[in-house]
Amino acid sequence: MDGLPAVEFHNLVKQFGTVLASDHVNLSLAKGEIHALLGENGAGKSTVMCMLSGVYRPTSGEIRMNGTAVKIHSPKDAAKLGIGMVFQNFRLVQTLTAAENVVLGDSSPFWRTRRWMERKTREIEALALRVGLPFAAGRPVARLSVGEQQRVEIVKCLYRGNSVLILDEPTSVLTPAEADQLFATLRKLKSEGKTIILTTHKLKEVMAVADRISVMRKGQMLATLDRAQTSEREIARLMVGQDRSPPKTRVPREPGEPLLIMDKVTVVSDRGRHALDEVSLTLNTGEIVGIAGVAGNGQKELAEVLAGLHVWKSGTITFREFRWKGPSVRGSIKQGIAHVPEDRMISGLAGGLGSVDNLLVKSYHSDERANLGFLRTALNRLWSQGLVEQFDVRTAHLDAPVKQMSGGNQQKLLFAREIHQRPHLLIAVHPSQGLDVGATDAVHNLLLGLRAEGRSVLLISEDLDELLLLADRIVVLFAGRVMGEMTHERADREQLGMMMAGVT
Amino acid sequence: MELFTQLLTAAVASGTPLLFVTLGGIFIEKAGIIQLGAEGLMLMGAVTAAGVYLATSSLPVTLLAVLLVGGLLGLLHAFLTVTLRANQIVSGLALTLFGGGLSAYLGKAITGIPLSGAVPKFDFGVLGQVDLFTLSSLALVVVLQIAFFHTSFGLHLKAVGDNPATADVMGIRVQGMRYFAVIAGSMLMGLGGANLLMVFSPTWIEGMTTGRGWIAIALVIFARWNPLGALAACWFFGFLDTLGFRLQLAGSTVPPYFLKMLPYLLTIAVLILVGWRTQHRMSRAPQALGIPYIREQRF
């Protein structure tokens with residue numbers, strides 16, 4: 001780490017309206033280091049990354065590379081300077097092969113014979129293998145797993161000879177084993193002199209891979225720390241601005257009666273595959289059952305079937321000793337099943353509507369909320385006000401569009417709607433995805449609160465830490481089948497990771 | 001045997017105008033834009049061809065005029081849908097209605113005047129005589145097949161039609177590619193109309209395309225956005241079209257209206273069949289088809 005820093009931010013300011021998303025940020029990245037950028041949601045991490053990758057233009061301040069000031073006005077400018085970014089939602093054309101995605105944007109050679117494409121495909125596969133991120137380059141991206149798609153993105157940056165790599169939440173889509181492999185690759189790239197900057201919420205990973213750690217809060221750069229001279233606790237305190245309140249303890253308790261019994265349920269996905277293949281699962285009252293697995297292994301369909309959104313082909317579902325005949329959303333709600341879906345801004349909340357309307361969408365037809373089909377407007381406002389306060393949702397105004405709220409507050413609002421009526425079963429899909437530490441704790445406390453009241457939770461998550469913390473039992477799904485089950489006491493991270501990858 | 005050859009020749013003659021329009025449609029849709037103005041563009045191409053040829057008797061001038069008219073109308077569609085991000089369906093329908101009305105107005109003076117010998121034919125021995133349009137349509141199929149699947153241009157075009165945001169990040173000029181595709185494709189659609197008028201039924205009559213533009217839009221899907229597929233689809237449709245006509249001539253007792261309906265009915269049947277067989281497969285349709293692209297940027 002000698003010589004001039006590879007990248008230097010000098011008093012970088014980015015203003016959105018009246019908000020300072022980046023407030024005179026100074027940061028320097030050395031050549032050949034892995035630098036982690038930490039902070040809660042809205043702390044300004046992504047703003048800083050986006051200024052480096054040319055998506056945003058700084059209001060003032062400058063970026064220097066190897067000592068000289070550079071202007072980055074577009075992703076193209078960034079690419080020319082050798083800066084590549086791996087976005088959280090990948091920039092890949094699903095219908096093209098991995099190799100075609102890697103060479104996309106190159107105009108020469110103009111003619112592309114089959115031989116040329118085959119040669120490139122092999123070249124790219126060799127490059128991927130060399131850095132330890134192999135994938136089948138001849139396959140359409142749509143047929144690669146999410147982890148493999150991320151590899152394509154990283155190799156795309158390397159193929160272009162980028163010397164600065166920006167990774168936004170790279171491990172949020174990976175299994176533990178895949179994450180370890182990614183870290184190994186990052187270390188290797190570091191030794192080759194690449195500069196790597198990444199964001200993550202997971203402190204454990206930061207301690208494992210980063211050389212230096214910078215913490216941001218409210219648009220300001222608080223500190224840059226050497227990994228060797230800091231601790232998870234210190235970083236967490238910096239991020240939140242105070243000591244973290246420990247989450248409610250999970251009191252051991254005996255599970256009650258069976259609440260939900262799924263017997264050999266098979267579900268055909270929209271693409272015609274067996275998304276769930278003879279899945280049998282029992283959920284007892286007062287129990288949190290975690291479903292672990294990498295995205296796309298049937299979790300989505302499992303949640304949808306129970307929420308009444310998806311048909312099943314065979315098998316039986318019995319809920320509170322009542323055998324289901326077919327899917328019915330209204331039926332599921334009436335029986336006391338609540339659903340916090342994965343994509344909260346798509347199927348959870350209506351972004352353009354205010355808090356009141358969003359809270360009403362599930363109960364607007366009840367006699368409490370409406371009289372002969374007319375909404376009891378004044379009463380509903382009071383009721384909403386109560387819920388918003390009870391669940392600590394911070395919003396400018398009850399009618400402010402919910403898409404303007406932060407992710408954590410959106411999730412709290414969604415939880416308020418789903419659990420205020422004390423459902424028998426809550427299906428929570430990735431409930432803390434994209435939330436900062438504080439909001440994650442709030443969500444975890446809500447889930448533990450339900451359990452303490454004898455309600456049941458089906459917790460679908462890719463975050464093993466979350467499952468190990470909360471779930472009484474963890475069931476692993478792989479390719480639509482139950483790979484195995486572990487109790488809270490016997491749960492073992494490594495073994496779960498193996499099962500998630502389909503190894504028994 | 002002779003009847004068969006005659007039938008084939010007629011099928012190709014009927015299918016070639018459709019081929020130009022279908023290829024144009026494929027080009028435009030590959031870039032992610034829907035062009036429902038095919039019918040209007042064909043009519044404008046046909047009336048331009050009739051008017052200019054009757055006035056100048058020059059084939060090159062006529063073809064240039066047709067390309068110019070098609071290109072200008074394409075530019076209009078591109079401006080509306082790419083730059084102003086207007087609804088592509090509405091813009092296309094407007095173009096069809098506009099083209100139908102304007103061509104009827106412009107063609108009043110030349111209605112019913114036949115053009116003859118406008119297009120040179122080449123003798124290919126056993127294959128009989130092949131006209132210039134048919135020859136160039138075949139060349140076009142080859143050129144587009146190579147351009148779409150074996151050049152960097154084709155890869156970029158597909159990226160623009162499937163995922164414009166990614167294409168943009170990768171340094172591809174999304175708006176430019178879309179303009180180019182819409183203008184070039186619209187030119188081909190105009191050319192299809194000129195072909196219909198100059199070879200297939202060489203007299204201008206109001207509304208002479210009788211829905212062929214719409215058929216071509218269906219054939220784009222049937223051909224699965226593939227130029228070779230378009231060739232097969234258009235000739236097949238031309239064959240059905242001809243068959244009905246010949247059966248009528250042969251004194252069949254089947255009502256003529258039924259025979260006229262046959263190709264359209266079969267188109268629906270084929271679409272159902274294709275849709276049925278591929279309902280669980282990933283669609284080949286460009287994934288961003290019909291969606292205007294807005295760059296996510298906040299400055």
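Here the structure is a predicted model, which is why all the values come from computation and not from measurement.
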Report the residues that fulfil salt bridge (charged side-chain N to carboxylate O under 4.0 Å, His left out) with A:Asp277, sequence neighbours left out, ordered by chain and then residue number. A:Arg481
Those residues that, when tested against A:Glu153, pass salt bridge (charged side-chain N to carboxylate O under 4.0 Å, His left out) (two or more places apart): A:Lys156
Can you run down the side-chain hydrogen bond (donor to acceptor under 3.5 Å, both in side chains) pairs that involve residues 141-153 of chain B, sequence neighbours left out, and say none if there aren't any? none
Pairs of heavy atoms under 4.5 Å with chain B: top-ranked of [options]:
| options | answer |
| --- | --- |
| A:Thr113, A:Leu92, A:Val103 | A:Leu92 |
| A:Ser107, A:Ala79, A:Pro109 | A:Ser107 |
| A:Phe87, A:Phe110, A:Trp111 | A:Phe110 |

Filtered by a 4.5 Å non-hydrogen cutoff, the part of residues 166-185 of chain B contacting chain A is B:Thr166, B:Val169, B:Met170, B:Gly171, B:Ile172
Heavy-atom side-chain proximity of A:Thr266 to A:His274 below 4.5 angstrom: yes
When you check the side-chain N and O atoms of B:Thr16 and B:Asn195, is any donor under 3.5 Å from an acceptor? no
Spacing of SG belonging to A:Cys157 relative to CG belonging to A:Leu167, to within rounding of 0.5 Å: 7.5 Å
Check whether B:Gln88 reaches the backbone of B:Ile34 with its side chain - one donor and one acceptor, N or O, closer than 3.5 Å. yes
Salt bridge present between A:Arg115 and A:Glu118 (N-O < 4.0 angstrom): no
Side chain, backbone, both or neither of A:Pro140 within contact of chain B (heavy atoms, under 4.5 Å): neither
